[in-house]
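Working notes, structure below.
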Amino acid sequence: MADARPLSPAAAVVFAWAGLALVNAGCIAARALPNGGPRVRALNHLFDAGQLLFLGLVGGLATLLWQRFAPPRRWLAPLVLGLATGLLGWAMLAPDLDNFTLRLAGRERAAALAVLLAVVLAQAVPVAYLAGRRMARPRIRWFAVAVAAIAAILNTRILPLDYPGVHVFLAMAASTLAAAALTGMLPRWRLRPASRRVALAVVTTLAVVTVVTDPGNAARVELTRLDSAPLAAHVPPWRVTIDDSQYKHITIPPELAPSFASRQDAPPIAATEPPLLPPDAIVLFFTLDSMRAEVLQNPTNRELLPTLHRWRDAGFSVPRAISPSTVTRFTLASLFTGVDVPQLRWARDSATQGSLVKEDRPRIADLLTARGVTTVHVLSQFELVNHINKIGRGFSEEIEATIHAGDKLAYAPAVMDAIVTRLRQHGDGPLFLFAHFMDAHHPFDSGDRKGRAYARHVSELANIDRELARLDAWLGEAGLWPRTLVIVSADHGQAFGQHGVQHHGGPPYEEQCRVPLVITGPAVPAHESPCDLPLLDLSPTLLDLFGVETPGPFVGRTLVPALRGESPQCERPVLSATWDVFALLLPDGLKVIDNRRKRTLEVYDLKADPRETKNLCDTDPAGCDARVGLLRRYLELQGAIAAPR
């Protein structure tokens with residue numbers, strides 16, 4: 001058209017974000033129909049598109065104001081864009097780099113390096129702008145648009161349900177590249193001025209409504225699972241508020257009342273009589289990173305894990321124990337202190353990723369060492385060293401297993417070498433030895449490197465199993481089995497696509513919070529727990545095995561009577577948590593998940609829906625509120641949330 005005007009920079013920004021909305025729409029359409037059915041699917045489409053258009057309109061308005069009021073300097077726009085994205089990177093991208101920089105630079109330099117890398121990586125946006133401007137010419141511009149579209153598609157596939165800052169900046173870089181390349185393009189169609197105003201009014205209304213309106217819990221759960229939805233992933237505080245006061249009058253069922261009573265001033269619990277083990281007992285406690293309960297329940301894995309299966313069949317086992325967290329340091333901290341994760345005094349910073357440097361509670365090792373038990377911690381990687389996070393404080397010995405050249409951590413053969421060497425040196429007297437095996441941690445590259453992630457993961461556990469077999473044989477040869485008890489469990493589980501996740505450390509869904517628990521030794525007859533039990537029961541059990549009383553505030557209950565064959569204490573609510581996601585498993589089989597960062601609520605009936613696919617909050621709001629109320633009363637008791645007034 002002869003009277004067509006080139007596409008303005010502001011309009012190009014809006015169109016670029018509209019393109020991201022189209023990519024997300026395809027991603028949403030390809031997913032299985034959510035629990036709420038077509039209505040939730042429609043809301044998912046509507047709110048995602050509206051929020052992306054809102055970002056496009058904000059970017060378009062900023063561009064328009066820049067053109068009108070900024071000095072006409074070609075170098076000024078990329079400079080200001082670089083400064084702005086650098087600040088955003090500091091705020092949004094740096095937290096995603098904490099783990100990486102901690103491993104790369106150590107505790108002292110991790111925080112500074114995370115900020116530096118975030119600011120540098122954020123410059124991908126101004127680089128995309130410059131590249132797009134260079135390609136803003138006929139035909140070539142479509143190559144830039146294609147690259148932006150590929151980046152937008154990748155943004156829906158990579159790093160599922162994690163690294164929200166990375167997803168935001170990938171979306172920004174893709175839209176900036178496309179917008180810069182489209183600027184100046186002569187459109188093949190043109191709306192009349194009146195039609196343009198109507199279209200702008202409709203788009204603006206949709207955008208504003210989807211930002212200021214709450215779509216409801218069911219749609220919010222789906223939106224926050226879409227990584228390429230920047231606003232939904234970060235849940236701006238102006239959109240949804242958490243009101244704990246509506247649950248302050250919730251009635252605690254009488255059978256649950258003991259679990260909702262404060263144990264802060266409870267008296268110590270005496271050790272079980274008679275003792276299960278001899279005075280010179282050796283207790284070996286091993287946790288296997290990322291081993292979910294299903295691995296040991298799956299009969300196809302028996303051939304790969306013969307030692308674990310043999311120990312399970314010969315001793316006491318809890319097929320599906322409940323881990324206190326889906327994060328290693330949280331679980332170990334909870335186990336060593338005997339209380340739930342929210343009760344601990346955490347120092348949260350990028351250098352330690354959560355430490356107990358300010359927590360004064362005694363650790364298990366503190367209490368055992370004070371009673372004359374030799375306590376040994378065999379270390380497989382530096383994050384578990386006591387002086388870094390104080391989680392394992394109190395061990396009388398810390399032994400660092402050999403990390404071979406080219407490895408990031410000590411693998412099972414080196415860890416077992418250190419264990420056997422230390423056992424050879426031990427003479428009379430009681431001994432408690434703990435080791436955490438890291439072999440099976442993502443990216444699953446220390447075992448069989450072929451096949452799917454799950455198969456590679458199990459092959460890494462098989463490497464550990466072979467070392468446990470070596471220990472088993474050596475204990476028999478050394479004549480130590482009669483005085484030895486071995487406890488094997490895991491810090492957390494591992495997701496392999498369930499709930500859209502390929503990792504751990506996220507919401508405590510079953511695949512991430514359920515772990516095996518095996519306790520074997522000559523003093524333990526073969527039997528299985530009739531109910532699921534909290535892994536925190538190990539805390540008083542470890543003390544009880546050495547005749548040490550259990551502090552009153554401990555959450556768990558000793559398993560020593562159960563090891564003899566008695567029925568364990570069932571029918572207790574059990575908490576599993578990360579920083580700001582809490583799950584309470586109730587004795588009736590219902591599970592409540594309160595994601596306080598994403599402002600979502602989920603309730604599942606694990607007996608009827610073990611895969612957690614049908615959120616009862618969508619179909620039974622009253623029942624959802626009652627269960628959420630129980631969780632929040634439990635969190636209030638632990639000091640995790642403020643008591644409602």
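Nearest approach of Ala401 to Val378, heavy atoms of both residues: CB-CG1, 4.4 Å. Nearest heavy-atom pair across Asn298 and Tyr454 is ND2-OH, 3.6 Å. In plain terms, the two heavy atoms of Val341 and Pro324 that are nearest each other are CG2-O, 3.8 Å. What you find for Arg371 and Gly547 is that their closest heavy atoms are NH2-O, 3.5 Å.
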Derivation of the ring-ring contact (aromatic ring centres under 6.0 Å, His included) call for His457 and Phe496: CA-CA 10 Å; His457 170 67; Phe496 294 94; 5.3 Å; yes
Thr375 vs Thr369, side-chain hydrogen bond (donor to acceptor under 3.5 Å, both in side chains): CA-CA, chis, key distance, verdict: CA-CA 6 Å; Thr375 54; Thr369 302; 2.7 Å; yes
Residue pair Leu601, Asp594: steps toward the side-chain contact (heavy atoms from CB on, under 4.5 Å) verdict: CA-CA 5 Å; Leu601 300 172; Asp594 186 357; 3.4 Å; yes
Leu423 vs Ile282, side-chain contact (heavy atoms from CB on, under 4.5 Å): CA-CA, chis, key distance, verdict: CA-CA 9 Å; Leu423 289 175; Ile282 296 174; 4.3 Å; yes
Steps toward salt bridge (charged side-chain N to carboxylate O under 4.0 Å, His left out) verdict (Arg470, Asp465): CA-CA 9 Å; Arg470 177 157 70 102; Asp465 190 274; over 6 Å; no
Residues Leu461, Leu305; criterion side-chain contact (heavy atoms from CB on, under 4.5 Å); working and verdict: CA-CA 7 Å; Leu461 291 169; Leu305 308 172; 3.9 Å; yes
side-chain contact (heavy atoms from CB on, under 4.5 Å) evaluation trace for Arg361 with Leu344: CA-CA 8 Å; Arg361 296 174 190 266; Leu344 294 168; 3.9 Å; yes
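Within the structure, disulfide bond (SG atoms under 2.5 Å apart) pairs that include any residue of residues 481-519 do not occur (at least two apart or interchain). Sorted pairs that involve residues 250-269 and meet side chain to side chain donor-acceptor pair (under 3.5 Å), not counting sequence neighbours, are lacking altogether. For residues 516-552, the pairs satisfying ring pair (Phe, Tyr, Trp, His ring centres under 6.0 Å) are Phe316-His527, with sequence neighbours left out. Judged as a side chain to side chain donor-acceptor pair (under 3.5 Å), the pairs with a partner in residues 532-547 (not counting sequence neighbours) are, in order, Thr272-Asp544, Arg514-Asp532, Asp537-Arg572, Asp544-Thr558. For residues 453-487, no residue pair satisfies the disulfide bond (SG atoms under 2.5 Å apart) rule, not counting sequence neighbours.
Around the CD atom of Glu303, the shell of radius 6.0 Å holds no more than 12 heavy atoms that belong to other residues, nucleotides or ligands.
A donor-acceptor pair is defined here as one N or O able to donate and one able to accept, closer than 3.5 Å; such a pair exists between the side chain of Asn301 and the backbone of Val295. Side-chain atoms of Arg363 do not come within 3.5 Å of backbone N or O of Gly338 as any donor-acceptor pair. Remark: side-chain polar atoms of Thr421 are not paired, donor with acceptor, to backbone N or O of Ala418 under 3.5 angstrom. Side chain of Arg564 to main chain of Val524: no donor-acceptor pair is present (N/O by atom type, distance under 3.5 Å, no hydrogens or angles). Under the 3.5 Å distance criterion, the side-chain polar atoms of Arg596 are left unmatched by any main-chain donor or acceptor of Val581. One N or O on the side chain of Asn615 and one on the backbone of Val603 form a donor-acceptor pair closer than 3.5 Å. The backbone N or O of Arg611 sits nowhere less than 3.5 Å from a side-chain atom of Gln498 that would complete a donor-acceptor pair. Under the 3.5 Å distance criterion, the side-chain polar atoms of Ser317 are left unmatched by any main-chain donor or acceptor of Pro319. Side chain of Ser334 to main chain of Val339: a donor-acceptor pair is present (N/O by atom type, distance under 3.5 Å, no hydrogens or angles). Between the side chain of Asp289 and the main chain of Ala490, no donor-acceptor pair closer than 3.5 Å is present.
Within the 4.5 Å cutoff, the side chain of Leu468 has heavy atoms near those of the Met416 side chain. Side-chain contact between Asp580 and Lys598 is absent, with no heavy-atom pair separated by less than 4.5 Å. Contact check for Asp340 versus Leu536: side-chain heavy atoms found under the 4.5 Å cut-off. Counting heavy atoms from C-beta outward, Cys570 and Pro587 have side chains that stay 4.5 Å or more apart. Looking only at side-chain heavy atoms (C-beta outward), Leu308 and Val488 come within less than 4.5 Å of each other. Counting heavy atoms from C-beta outward, Phe260 and Leu630 have side chains that approach closer than 4.5 Å. Annotation: side chain of Tyr604 is not in contact with side chain of Leu616 (no heavy-atom distance under 4.5 Å). Considering only heavy atoms from C-beta on, Asn463 stays 4.5 Å or farther from Tyr411 through its side chain.
For Ser489 and Thr287, the side-chain atoms include no donor-acceptor pair closer than 3.5 Å. At a cut-off of 3.5 Å, with distance as the only test, a side-chain donor of His504 or Gln494 sits close to an acceptor on the other residue. Side-chain contact annotation: Glu602 with Tyr509, donor-acceptor N/O pair under 3.5 Å present. Ser396 and Thr374 share no side-chain donor-acceptor pair at under 3.5 Å.
Under a 4.0 Å N-O distance rule, the pair Arg627/Asp588 qualifies as a salt bridge. Ion pair Arg310/Asp472 flagged as a salt bridge, since at least one NZ, NE, NH1 or NH2 atom sits closer than 4.0 Å to an Asp/Glu carboxylate oxygen. Salt-bridge formation is detected for the pair Glu510/Arg320: a Lys NZ or Arg NE/NH1/NH2 atom is positioned less than 4.0 Å from an Asp or Glu carboxylate oxygen.
Qualifying salt bridge (Lys or Arg N to Asp or Glu O under 4.0 Å) partners for Asp280, counting only residues two or more places apart in sequence or in other chains: Arg483.
In this structure, CD1 in Ile399 is found 6.0 Å from CZ in Arg422, a value given to the nearest 0.5 Å. Expressed to the nearest 0.5 Å, how far CG of Leu332 lies from NE2 of His492 amounts to 8.5 Å. Between the CD atom of Glu397 and the CG atom of Leu431 there is a distance of 8.5 Å, given to the nearest 0.5 Å. Taking CG of Leu584 as the start and CG of Leu635 as the end, the distance is 7.5 Å to the nearest 0.5 Å. Separation of atoms CG (Leu277) and OG1 (Thr484) is listed at 9.0 Å; rounding is to 0.5 Å. Rounded to the nearest 0.5 angstrom, Asp609 CG and Leu590 CG are separated by 10.5 Å.
Under the 6.0 Å cut-off for aromatic ring centres, Phe286 and His436 do not qualify, their centroids lying 6.0 Å or more apart. A ring-centre distance under 6.0 Å is found for Phe434 and Phe336.
Among Leu485, Ile519, Leu335, the one residue that satisfies the side-chain contact (heavy atoms from CB on, under 4.5 Å) test with Phe285 is Leu335.
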